[in-house]
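Structure first, commentary second.
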Amino acid sequence: MPESLFPESPSDTFTTIQGVLDRITFQNEENGYTVARLLGATKDKELITVVGFLSGVPVGSTLSLTGTWINDSRYGKQFKLQNYKIVKPNTINGIERYLGSGLIKGIGPAYAARIVGRFGLKTLDVLENDPDRLNEIAGLGRTRVASIKKAWQEQREIHRVMVFLQSHGISATYAVKIYKTYGRKALAVVKSNPYQLAEDIWGVGFRIADSIALSLGVPANDPRRARAGLLFALDESAGEGHCFLPRDKLLGQAVYLLKLTGKSEQFPEQENLYSDPGLIEEQIKSLLADDKIAVDGENIALTPIYYAEKGVAAKLLELSNGRPEHTVANVDQAVAWASNKLRLDLAPEQAEAVKMGLSQKVSVITGGPGTGKSTILKALLLILAQKGIVVKLAAPTGRAAKRLSEACGREAKTIHRLMEYDGSIRTFKRNRENPLEADMVIIDESSMMDITLSNSLLKAIADKAALVLVGDVDQLPSVGPGNVLKDIINSGRISITRLHTVFRQGPGSLISFNAARINRGEFLELLPDYEGNKDFYCIFRDEAEEIEKEILSLCSHRLKKRYNFDPVRDIQILTPMRKGIIGTENLNLRLQKTLNPKAAQRDDPQRRLLAGDKVMQVRNNYDKEVFNGDQGIVSSVDSEEESVEVTFDGRKVLYESADLAELVLAYAITVHKSQGSEFPCVIIPLHTTHYPLLQRNLIYTAVTRGKNLVILVGSKKAINIAIRNDRVVKRYTMLKERLQAGLHSLC
């Protein structure tokens with residue numbers, strides 16, 4: 001056994017060391033970059049700091065690491081990892097720790113001790129060659145033994161994929177996803193066409209697939225690479241809200257992308273490979289022939305988005321050209337009756353909105369917070385119920401649907417539940433052939449609907465039915481492609497009621513008052529701290545570190561003491577960005593340590609989610625019926641099964657280890673992810689480091705999420721910039737133009 005693994009001085013020469021992974025000090029969950037402590041296999045059991053990409057390796061694993069020694073100016077000698085492999089431990093303690101680390105689903109520390117106690121140094125050989133002997137251990141049970149056998153085999157396959165990927169410079173983060181998608185065919189798929197990963201696996205984008213392909217020797221001018229680059233550029237643009245890209249913009253993005261990812265010391269000739277975009281033009285023709293894209297003049301779109309936009313325009317025009325079958329004879333009398341029944345004196349604009357909903361096949365009601373949208377819906381629903389007209393209520397998210405239900409006193413569903421989404425076949429049961437059984441469909445928070453969801457919904461609305469869209473057009477647009485509500489309003493083809501007068505929260509409320517001022521580009525009416533009796537405050541701090549400190553103080557005790565807010569359930573941090581000191585990533589880690597007592601007691605440094613954590617779903621999971629932006633509380637964590645149970649609005653949902661990437665901590669979320677939600681207390685950090693996102697509609701959306709209290713924490717300069725910046729990033733959409741052109745343009 002060597003005396004020491006530390007060299008006398010750093011060296012560029014690659015060397016190999018071995019030891020046991022003692023703890024994870026830091027890990028970037030996106031790319032797997034890790035700072036870890038390794039218990040060296042030396043006489044003195046030295047603790048070595050290791051830096052590099054080491055994702056998916058549980059604490060307790062015995063590792064063989066190849067890399068170089070460096071001398072960091074702040075942290076001293078470190079081992080910079082190039083690649084690694086997991087080595088089977090050869091001591092009783094090492095085997096027990098290895099098995100109990102969570103590596104094998106079904107074996108935690110307790111079962112690991114019992115298994116090693118029975119088989120000793122032969123434990124790993126038993127698992128490898130004769131796993132049925134696990135039945136000799138009392139209490140394991142046949143079901144658990146079968147689960148362990150399956151998990152052991154899976155782990156072997158995953159390890160093969162992991163070793164292969166890391167040998168080509170790819171983080172092991174994606175090994176489990178790749179194996180789950182392709183099973184035993186994983187390596188064959190990766191080797192034959194790495195670009196397939198980008199199409200099949202969520203989280204594996206073009207750049208990762210391209211890195212694998214280039215390292216495998218795929219030529220930089222391979223047509224598959226150009227094809228994948230084009231699809232990636234269009235997919236990225238859809239993620240930014242575009243329904244298409246102009247041809248010249250798509251070509252420019254593809255050329256830039258293929259040059260950028262193609263550059264490397266290994267392939268220096270790729271620098272100018274795409275100065276002539278001829279190959280890209282060829283692949284545009286190929287994608288068009290394969291129906292992967294659609295070309296409309298100089299615009300190029302992904303085929304599903306292209307037909308979704310055309311479908312939305314066509315159905316809206318068809319509906320709006322008709323008259324409701326279930327009409328109300330005297331709308332003025334009906335509105336007066338409803339007003340009397342509800343003991344409300346409807347304002348003229350509210351009364352007009354109700355009349356419009358009763359007389360038009362398609363109508364839009366838009367206005368800011370507190371302008372009476374819920375009151376209008378109550379009156380409308382009361383009249384329709386009296387006439388026996390069947391109405392369905394829905395909203396894009398679970399939280400928005402719950403708010404709608406509470407406001408109207410009627411059942412409201414998410415659009416996906418209303419449309420009866422079938423996860424087994426990944427489609428809606430309600431469609432053109434099987435429309436919704438409703439005379440009227442009312443959709444709240446319709447600014448959140450993207451073009452593809454809008455198309456699916458409209459297909460399911462019967463020709464005889466009416467549609468009412470309710471929303472705030474001044475909020476941020478949908479996360480997905482399109483600008484549906486704004487385009488409908490701007491087309492001038494659909495009946496619109498704009499609400500301006502603020503009724504909610506009383507005359508003393510500053511939330512609605514300041515929201516209106518933001519919309520007009522006027523500075524806020526402010527109170528200097530949160531110690532008064534108002535519902536809107538600013539705490540001015542110029543440095544990001546000071547803003548972070550203020551937020552932690554507010555959440556940990558000050559707001560609970562004064563307002564009796566539950567720090568986890570009632571307080572929501574809404575920040576423009578994910579990165580930086582006051583981005584979601586850092587704030588979530590700091591708030592988890594501050595607000596969750598279990599964070600200080602965690603026994604596994606790799607376990608990022610703990611019972612009691614507030615979490616958010618970050619992609620639509622139709623099988624679990626949990627959707628992008630849904631929030632819940634972790635109710636339990638099973639370290640033996642590597643699973644987490646989350647409660648969403650009273651419904652418990654189980655997440656296996658492979659699904660956990662879909663969950664993130666949600667003490668702090670981006671403003672975009674808050675759309676459709678309302679929180680008792682909202683804290684909004686704003687700093688000049690957020691400059692790219694300091695826009696009027698962003699701060700307006702954040703402020704309007706607060707129900708009882710809004711606190712801005714930041715610099716006056718940043719707040720001023722956000723309010724004055726009304727330049728909204730243009731989205732490439734054609735819905736407005738298609739609606740204005742009329743039905744003849746859709747043939």
Side-chain angles (χ1 to χ4, degrees), residues 347-350 365-375 445 447 470-477 485-486 489 496-542 547 550 554 572-576 670-672 674-688 690-691 693-729:
E349 61 187 20
Q350 292 177 308
I365 301 169
T366 184
T371 53
K373 297 189 292 293
S374 297
T375 300
E445 296 287 356
S447 64
V470 184
D472 186 348
V473 74
D474 294 316
Q475 286 187 29
L476 291 168
L485 184 62
K486 188 172 185 178
I489 291 172
I496 310 292
T497 298
R498 293 180 182 271
L499 306 172
H500 301 285
T501 307
V502 175
F503 301 97
R504 194 184 74 194
Q505 293 170 318
S509 169
L510 284 177
I511 295 177
S512 298
F513 180 77
N514 276 326
R517 290 181 70 87
I518 290 169
N519 245 350
R520 295 193 297 267
E522 300 171 3
F523 199 68
L524 309 172
E525 181 170 311
L526 300 174
L527 293 176
D529 54 45
Y530 78 103
E531 298 299 341
N533 294 311
K534 295 292 183 181
D535 57 6
F536 191 106
Y537 298 93
C538 272
I539 300 174
F540 294 119
R541 298 290 183 268
D542 290 328
I547 297 172
E550 201 70 37
L554 287 167
Q572 185 62 63
I573 314 300
L574 301 181
T575 181
T670 62
V671 179
H672 284 80
S674 73
Q675 290 173 263
S677 300
E678 190 176 61
F679 309 96
C681 174
V682 164
I683 300 175
I684 308 164
L686 287 175
H687 192 260
T688 49
H690 295 150
Y691 185 80
L693 292 173
L694 291 178
Q695 297 172 341
R696 184 181 299 172
N697 61 350
L698 181 136
I699 188 173
Y700 173 81
T701 300
V703 166
T704 56
R705 300 308 89 206
K707 183 177 182 180
N708 304 117
L709 182 65
V710 172
I711 302 176
L712 291 179
V713 186
S715 68
K716 286 184 180 180
K717 183 178 181 181
I719 296 170
N720 259 320
I721 291 171
I723 292 173
R724 291 176 179 173
N725 181 13
D726 63 348
R727 297 189 303 274
V728 178
V729 177

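- The closest side-chain heavy-atom distance from V713 to I684 is not below 4.5 Å.
- Side-chain contact between I539 and I711: present, with at least one pair of heavy atoms (C-beta onward) separated by less than 4.5 Å.
- A donor-acceptor contact shorter than 3.5 Å is absent between the side chain of H687 and the backbone of A718.
- Counting only distance, with no hydrogens or angles, the side chain of N514 and the backbone of L524 share no donor-acceptor pair below 3.5 Å.
- Here the side chain of K373 pairs a donor or acceptor atom with the backbone of G367 at under 3.5 angstrom.
- Of all non-hydrogen atoms in I511 and F536, the two that sit nearest each other are CA-CD1, 4.1 Å.
- No option in V703, V671, L574 other than L574 meets the side-chain contact (heavy atoms from CB on, under 4.5 Å) test with V682.
- By the side chain to side chain contact (heavy atoms under 4.5 Å, CB included) test, L693 is found to be paired with P576, M577, L698, residues two or more places apart in sequence or in another chain being considered.
- In terms of the side chain to side chain contact (heavy atoms under 4.5 Å, CB included) criterion, residue partners of N697 (sequence neighbours excluded) are, by chain and number, L476, P477, Q695, V728.
- For N519, the side chain to side chain donor-acceptor pair (under 3.5 Å) partners at least two apart in sequence or on another chain are D474.
- Nearest heavy-atom pair across Y700 and G368 is OH-CA, 3.2 Å.
- For R705 and E678, the salt-bridge test fails: no basic side-chain N is under 4.0 Å from an acidic carboxylate O.
- In plain terms, the two heavy atoms of V710 and G706 that are nearest each other are CG2-CA, 3.8 Å.
- Here the side chain of Q475 pairs no donor or acceptor atom with the backbone of D472 at under 3.5 angstrom.
- The closest side-chain heavy-atom distance from T375 to Q350 is below 4.5 Å.
- Here CG of L712 is found 4.0 Å from SG of C538. Values are rounded to the nearest 0.5 Å.
- When all heavy atoms are compared, the tightest approach of T704 to T701 is OG1-O, 3.0 Å.
- At least one side-chain heavy atom of I719 sits less than 4.5 Å from a side-chain heavy atom of F540.
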What verdict does the side-chain contact (heavy atoms from CB on, under 4.5 Å) test give for C681 and N708, after you've listed the backbone C-alpha separation in whole Å, the side-chain angles of each residue and the deciding distance to 0.1 Å? CA-CA 6 Å; C681 174; N708 304 117; over 6 Å; no
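- In this structure, the separation between CD1 on I683 and CG on L709 is 8.0 Å, given to the nearest 0.5 Å.
- A donor-acceptor pair is defined here as one N or O able to donate and one able to accept, closer than 3.5 Å; no such pair exists between the side chain of T575 and the backbone of T670.
- The main-chain N or O of N725 is never found under 3.5 Å from a side-chain atom of R696 such that the two would form a donor-acceptor pair.
- Within the 4.5 Å cutoff, side-chain heavy atoms of I573 are placed close to those of P685.
- When every heavy atom of P369 is checked against every heavy atom of S512, the shortest pair comes out as O-OG, 3.7 Å.
- Note that CD of E445 is 8.5 Å distant from OG of S677, once rounded to the nearest 0.5 Å.
- By the 4.5 Å heavy-atom criterion applied to side chains, H500 and T371 are not counted as neighbours.
- To the nearest 0.5 Å, atoms OG (S674) and CD (Q572) are separated by 8.0 Å.
- With rounding to the nearest 0.5 angstrom, the OG1 atom of T366 is 8.0 Å from the CD1 atom of I496.
- We find the CD1-CG distance between I547 and L686 to be 8.0 Å, quoted to the nearest 0.5 Å.
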